[in-house]
Amino acid sequence: MSRSARVGAIAGALLLALAGTAAADAVKLGRPALPEEIKAWDIDVRPDGLGLPEGKGSVAQGEELFQNQCAMCHGEFGEGVGRWPVLAGGQGTLKSERPEKTIGSFWPDTSTIFDYVHRAMPFGAAQTLQPDEVYAIVAYLLYLNDVVPDDYVLSKENFPKVALPNQANFYDDDRETTEKAFWNANPCMKDCKPKVEITSHARVLDVTPDAGKQGDKPAGAVE
Amino acid sequence: MTQTKPETRVDRRRFLSLAGLAGAGAAAGVRPAAAEATPDPDIVNIPEWTQALGAGVNNHPYGIPSPFEKDVVRREVTWLTASSESSVSFTPLYALDGIITPNGLCFVRHHGGEAEIDPARHRFMIHGMVDKPLVFTMEDIKRMPGRTNRVYFLECAANSGMEWRGAQLNGCQYTHGMIHNVVYTGVPLRAFLEAAGVKPQGKWVLAEGADASAMTRSIPLEKAMDDCLVAWAMNGEALRPEQGYPLRLVVPGWEGNMWIKWLRRIEVGDQPWGQREETSKYTDLLADGRSRRFTFIMDAKSVVTSPSPQAPLRAKGPNVVSGIAWSGRGTITRVDVTLDGGRNWTTARIEGPALPRAMTRFYLDVDWNGEEMLLQSRAMDDTGYVQPTKAELRAVRGENSIYHNNGIQTWLVRSNGEAENVEVS
């Protein structure tokens, strides 16, 4: 390499190094997102109603849509067919041994029903429902969960006023205070307990795949 | 490929049963440690593989494991979910060593099946409370300055979720297999956010996937600007389709559901979006009927991977107790192991790199006399957090939480070497 070529290479390396510290636009990557493009992807709806499209739908319209497009998995009344998710009922079960977490018994925000049904349902035909259809289905799901009467019409205007029963029962992660005892510099190393007894065996349930027999659906689930 | 593969003479069934790969129900059959009395035929006879030529160099243009390892695969628990497009398969931890999970064995969790995306048609958008909404192609992303490589574990918040009410599944693949640990190549998410210019009101970001669940999670802006990566490679090669090819979000130390696969969109906003995966799911129902939300961090946890129900002990005498530990809060500093159900503990040997928010390997070399053992491991991290017992955990979290079960695991190792998932007082 000639002397001048080497100097050039060093100068080039410096330019590259500068680009490395600057924001991406210094190297001219990416392009402005167009309003139509943002609109096409930004379908999320927030608990305060931000993101709701124009539209409305009634419980009756929702019932028809639900029976045609949803009931084969979620059941006529949202009770769930087989292992498909249960969408209604379960009120008063959250402290029991088998809590049933549904829209009515567990979900905090109505907006989540709209957002989720619109983005992901029906399972296998996502984002095929029109806004009016989603309003109607949400109205029907609220009706199935005893949140609104059977003549209810849900719309962008009355939406944020619809609250779900379990809304007040969520609070932010508090592990660092309520579980402070788990921070312990000197865990016990010797003679930590007088005796040890086995309190539970996996074999009693025997639900492990490949282990021979398959038991009933056991407690808990992956969610 | 021009050569046919020579038949192997080894008795495959014998090999498999010796290697302990026959699954959870396998009887162990401990062999005495004494030396063989007759000459070993595998030494005195010339095996095929020494005599005949093996396959050529490009027998498998993309290499695959030995056929003798055919049982080291991800497995499903079919009763868990209604459809395999919304389900999970588990990492075979019992058969793995070191800290890096091979790409093809990384557990898989989908909510709308495995999207197959042409990278030339994939777009990544940043918008919302930013000065300049931007769209990037995969080519743009790979030209971004500041590329980094980082090793991180990814654990599903529901890992061990089936064990809240007692010992249930026989094998660490099922009890702990919703975790993997790979090296990611990507660019800090911060670089994209800075390019778009986050407005002062911006406090949260929403990440969204391009799959049929259009998976979404709200993430605090502070985390997004700290250590999150926009990654396109794992263990040196392109992401596997089931891990989000061509682009995924990496959210170090935080629950796996937030690591959006097939990442296509980041929106900046001033409050969380209350998405289904942060309300209906991934909130922790406690005994009093109330629920914790935003429990993002994965607490310190560990498990003995061998011996374990799928990897019984084969012989008395010298044996290696092997396991993994990890913490979403930082670096694993110590792992203790007990052979007597938690009465007495010995500090295990941490071997290989112990990196922050990454899987860490530990060993305890033991001389086993054939007595029953109640094996447990207990992890500690550099914040001083000590992995709790299941009883300690239930005392605060009840049994209905599903998520965040990081309690100490017990394996009962019987005198025949078989291991079983149990709980102890």
Side-chain angles (χ1 to χ4, degrees), chain A residues 19-20 23-25 27 29-33 38 41 44 46-47 82-84 94-95 99 107-109 111-112 116 119-120 126 169-173 178-179 182-185 187 189-193 196-203 205 207-212 217-223, chain B residues 23-25 75 77 79-80 82 88 125 127 133-136 140 143-145 158 161-162 164-171 191 194-195 206 212-214 265 273-274 276 279-281 285 289-295 341-345 384-386 388 396 400 402 420-425:
Chain A
D25 76 341
V27 287
L29 292 168
R31 60 155 178 88
I38 296 172
W41 277 5
D44 40 81
R46 246 170 34 173
R83 278 176 210 150
W84 300 104
L94 295 187
K95 289 185 220 169
W107 290 33
D109 306 307
S111 61
T112 312
Y116 182 71
R119 77 171 51 249
N169 292 321
F170 288 82
Y171 60 98
D172 291 356
D173 187 3
T178 51
E179 300 182 0
F182 298 163
W183 278 266
N184 170 14
M189 295 297 283
K190 255 188 117 48
D191 301 322
C192 300
K193 41 191 171 184
V196 173
E197 269 168 22
I198 294 177
T199 54
S200 155
H201 280 268
R203 282 205 182 152
L205 272 161
V207 288
T208 311
D210 309 335
K217 185 183 177 185
V222 60
E223 296 202 3
Chain B
R75 290 186 176 85
V77 178
W79 50 256
L80 271 179
V88 59
M125 186 189 288
H127 73 106
L134 292 171
V135 173
F136 295 84
D140 295 335
R143 288 167 59 207
M144 287 285 284
M162 282 94 76
W164 273 109
R165 295 200 182 88
Q168 189 157 267
L169 289 163
N170 248 330
E194 281 172 355
L206 182 75
S213 74
R265 188 167 75 96
W273 281 262
R276 184 244 191 179
T279 54
S280 166
K281 310 294 173 201
L285 177 58
R290 297 192 308 146
S291 301
R292 283 180 181 154
R293 59 173 191 173
F294 305 148
T295 46
R343 294 187 65 217
N344 299 288
W345 297 83
Y385 185 97
V386 183
V396 258
N400 288 336
I402 297 178
E420 190 197 345
N421 177 7
V422 299
E423 285 193 15
V424 293
S425 56

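Every value quoted in this text rests on a predicted model; they were computed, and no experiment measured them. Reminder, nothing fancy here: chain letters follow the sequence lines and each chain counts from 1.
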Asker: For A:Thr112, which residues count as a side chain to side chain contact (heavy atoms under 4.5 Å, CB included) partner, sequence neighbours excluded?
Answerer: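 Applying side chain to side chain contact (heavy atoms under 4.5 Å, CB included) to A:Thr112 gives A:Trp107, A:Asp109, B:Arg276, B:Thr279.
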Asker: Please look at A:Glu197 and chain B and tell me whether the side chain, the backbone, both or neither of the residue comes under 4.5 angstrom of a heavy atom of that chain.
Answerer: both
Asker: Could you list the residues that satisfy ring pair (Phe, Tyr, Trp, His ring centres under 6.0 Å) with A:Phe170, not counting sequence neighbours?
Answerer: A:Phe106
Asker: Contact part of B:Trp273 toward chain A, heavy-atom cut-off under 4.5 Å: side chain, backbone, both or neither?
Answerer: both
Asker: Please identify, among A:Thr178, A:Asp44, A:Asn184, the residue contributing the most non-hydrogen atom pairs under 4.5 Å to chain B.
Answerer: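 So the answer, after comparing A:Thr178, A:Asp44, A:Asn184, is A:Asp44.
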Asker: Heavy-atom pairs under 4.5 Å with chain B: which of A:Gly82, A:Ala185, A:Pro47 has the most?
Answerer: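 Sorted descending by pairs with chain B, the first entry is A:Pro47.
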Asker: Which region of B:Leu134, side chain (C-beta onward) or backbone (N, CA, C, O), has a non-hydrogen atom less than 4.5 Å from a non-hydrogen atom of chain A, or is it both or neither?
Answerer: both
Asker: How far apart are the closest heavy atoms of B:Val424 and B:Gly341, and which atoms are they?
Answerer: CG2-O, 3.9 Å
Asker: Under a 4.5 Å heavy-atom cut-off, does chain B meet the side chain of A:Tyr116, its backbone, both or neither?
Answerer: side chain
Asker: Could you check whether atom NZ of A:Lys95 has more than 12 heavy atoms from other residues, nucleotides or ligands sitting under 6.0 Å from it?
Answerer: no
Asker: With a 4.0 Å cut-off on N to O distance, would you call A:Asp173 and B:Arg293 a salt bridge?
Answerer: no
Asker: Compare all side-chain heavy atoms of A:Leu94 with those of B:Arg290 and state whether any distance is below 4.5 angstrom.
Answerer: no
Asker: Do you know which of B:Asn344, B:Val422, B:Val135 has the most heavy-atom pairs under 4.5 Å to chain A?
Answerer: B:Val135
Asker: Ignoring hydrogens, what is the shortest heavy-atom contact between B:Met162 and B:Gln168? Give both atom names and the distance.
Answerer: O-NE2, 3.1 Å
Asker: Find the one option among A:Ser111, A:Ala126, A:Pro32, A:Gly30 whose heavy-atom pairs under 4.5 Å with chain B are most numerous.
Answerer: A:Gly30
Asker: Given that the side chain runs from C-beta out, which part of B:Val386 has a heavy atom under 4.5 Å from chain A: side chain, backbone, both or neither?
Answerer: both
